[in-house]
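Heads up, the thing below is written out as C-alpha cells.
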Amino acid sequence: GGIDSLQPLETTIPDAERFRDVQPLYISCPGCDQEFPFGGIVSSNHYMMCYSGLQCKHCNHLFTPLQLTCQLERSIRLHISLYYAGWVQCDDRTCNNSVRRQISVFGKRCLNDGCTGVVHYRYSDKQLYNQLLYFDSLFDCEKNKKQQLKPLYFEGDADFPKELISDSSVRALSEQNRDYLEVGRGVVQKYLGDCGRRYVDMSNIFDFMNPTI
Ligand SMILES: [Zn+2]
Ligand SMILES: [Zn+2]
Ligand SMILES: [Zn+2]
C-alpha cells in the first residue's frame, strides 16, 4: 500500500497507455456554449491553440487563461468528490446491492444479507491520482512540444480532425503558449500536491480498516 503503489505510474509507459482509462477534460466555450474535449496542443475540429491561447473554432472566441483554468479546476473538484463519495462495488455478480456507498468499518466483506462477496472501491486513490497526472500532462509544455500526449482521437472516430496541425506548428505553438500552459499546470499541481500527500494518508487509513483493499 501507500507510496509503493505509485510506482507503476512513474515509469516510461507512454501516456496513451498510462492514461487509457482516464476521463477527458471537457470544456465549454463561453462564447457559444459548444462543449468539447481539450487534449492539449493537438488537432481538433472544435478548438485550436493559436499564438495567444485557446480559440474556439465554432465562434472564434479566444479563451482567457482564467476561462480555461476555472473549468479545469471544476473538473478536478468533480473527480475528487467522486473519489470521496466512496462508492464501492461487490465483486459477486449475482449480488443485488452491487454498487453503493461504503459506510461500514467492518472491512471488505459485502454487507448484503447472505452475500459472501468482497467490495472494492470503484474510484480508487490510484485512479484519482492518475486522472490528475493526465490533466497535468495536458499543460506540460515539453510533452506538448514532443507530441507525447494521449491522442484525443483515433483514425476512424466520427470526430477525427479534418485538418491536422504540422509538427513544426506544434513545436512553435508550445513555445508561444508556455506561460499560458504554466497557468493551467499550476492549478493541477496544487491538487496533485494535496492528493499525493492524501494518497499516502488515505491508503494508510484504508489499510488499517480494510487490510486487503
Ligand atoms: Zn495499501
Ligand atoms: Zn465558441
Ligand atoms: Zn455482495
Side-chain angles (χ1 to χ4, degrees), residues 1 23-76 78 82-127 135 138-139 144 149 151-153 157-165 169-170 173-174 176-177 179-181 183-184 187 205-213:
Q23 297 296 311
L25 174 60
Y26 277 98
I27 56 176
S28 65
C29 173
C32 68
D33 288 335
Q34 174 77 40
E35 193 180 61
F36 51 83
F38 173 77
I41 304 177
V42 296
S43 309
S44 162
N45 292 327
H46 305 287
Y47 75 91
M48 56 189 264
M49 287 302 276
C50 60
Y51 289 110
S52 39
L54 176 69
Q55 186 168 27
C56 172
K57 278 190 173 179
H58 301 279
C59 73
N60 295 328
H61 175 82
L62 200 58
F63 284 62
T64 64
L66 195 65
Q67 285 174 334
L68 178 57
T69 54
C70 273
Q71 299 197 53
L72 168 64
E73 188 149 16
R74 194 178 311 147
S75 189
I76 292 173
L78 188 75
L82 275 175
Y83 165 68
Y84 274 119
W87 292 97
V88 292
Q89 185 157 22
C90 177
D91 66 357
D92 183 339
R93 283 165 198 277
T94 64
C95 179
N96 292 327
N97 275 352
S98 65
V99 178
R100 57 177 176 73
R101 273 167 198 259
Q102 172 74 303
I103 318 271
S104 154
V105 290
F106 296 116
K108 61 197 173 78
R109 249 192 53 232
C110 178
L111 294 183
N112 206 18
D113 270 351
C115 180
T116 55
V118 169
V119 295
H120 298 278
Y121 285 95
R122 292 192 84 201
Y123 199 149
S124 69
D125 43 10
K126 192 184 280 185
Q127 257 177 297
F135 287 160
L138 302 179
F139 297 91
N144 272 284
L149 302 181
L152 265 187
Y153 305 103
D157 286 355
D159 210 9
F160 192 80
K162 292 176 182 70
E163 294 164 7
L164 298 177
I165 317 174
S169 293
V170 172
L173 288 168
S174 300
Q176 290 286 338
N177 285 287
D179 293 346
Y180 195 94
L181 292 169
V183 176
V187 170
I205 293 165
F206 290 146
D207 283 354
F208 165 69
M209 293 190 334
N210 307 322
T212 62
I213 285 188

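Just so you know, ligand 1 is whichever comes first in the structure, and atom 1 is the first atom listed for that ligand. Along the sequence shown, the residues carry numbers beginning at 1.
No donor-acceptor distance shorter than 3.5 angstrom exists from the side chain of Asp33 to the backbone of Ser28, with no hydrogens or angles considered. Of the possible donor and acceptor atoms, none in the side chain of Thr69 sits under 3.5 Å from a partner among the backbone N and O of Gly184.
Here the Zn ion (ligand 3) is the vertex; the SG atom in Cys115 and the SG atom in Cys90 give an angle of 110° (to 10°). Centred on the Zn ion (ligand 3), the angle running from Cys95 (SG) to Cys110 (SG) is recorded as 110°, rounding to 10°. The SG atom of Cys29 and the SG atom of Cys59 meet at the Zn ion (ligand 2) at an angle of about 100°, given to 10°.
Residue contacts to the Zn ion (ligand 2): His58 brings no N, O or S atom closer than 2.8 Å. For the Zn ion (ligand 2), the set of nearby N, O or S atoms under 2.8 Å includes one belonging to Cys32.
Ring geometry for Phe36 versus Phe63: interplanar angle over 60°, hence perpendicular rather than tilted (30 to 60°).
Counting heavy atoms from C-beta outward, Phe38 and Phe139 have side chains that approach closer than 4.5 Å.
Partner Cys29 forms a side-chain contact (heavy atoms from CB on, under 4.5 Å) with one of Gln67, His61, His58, Gln55 and no other, that one being His61.
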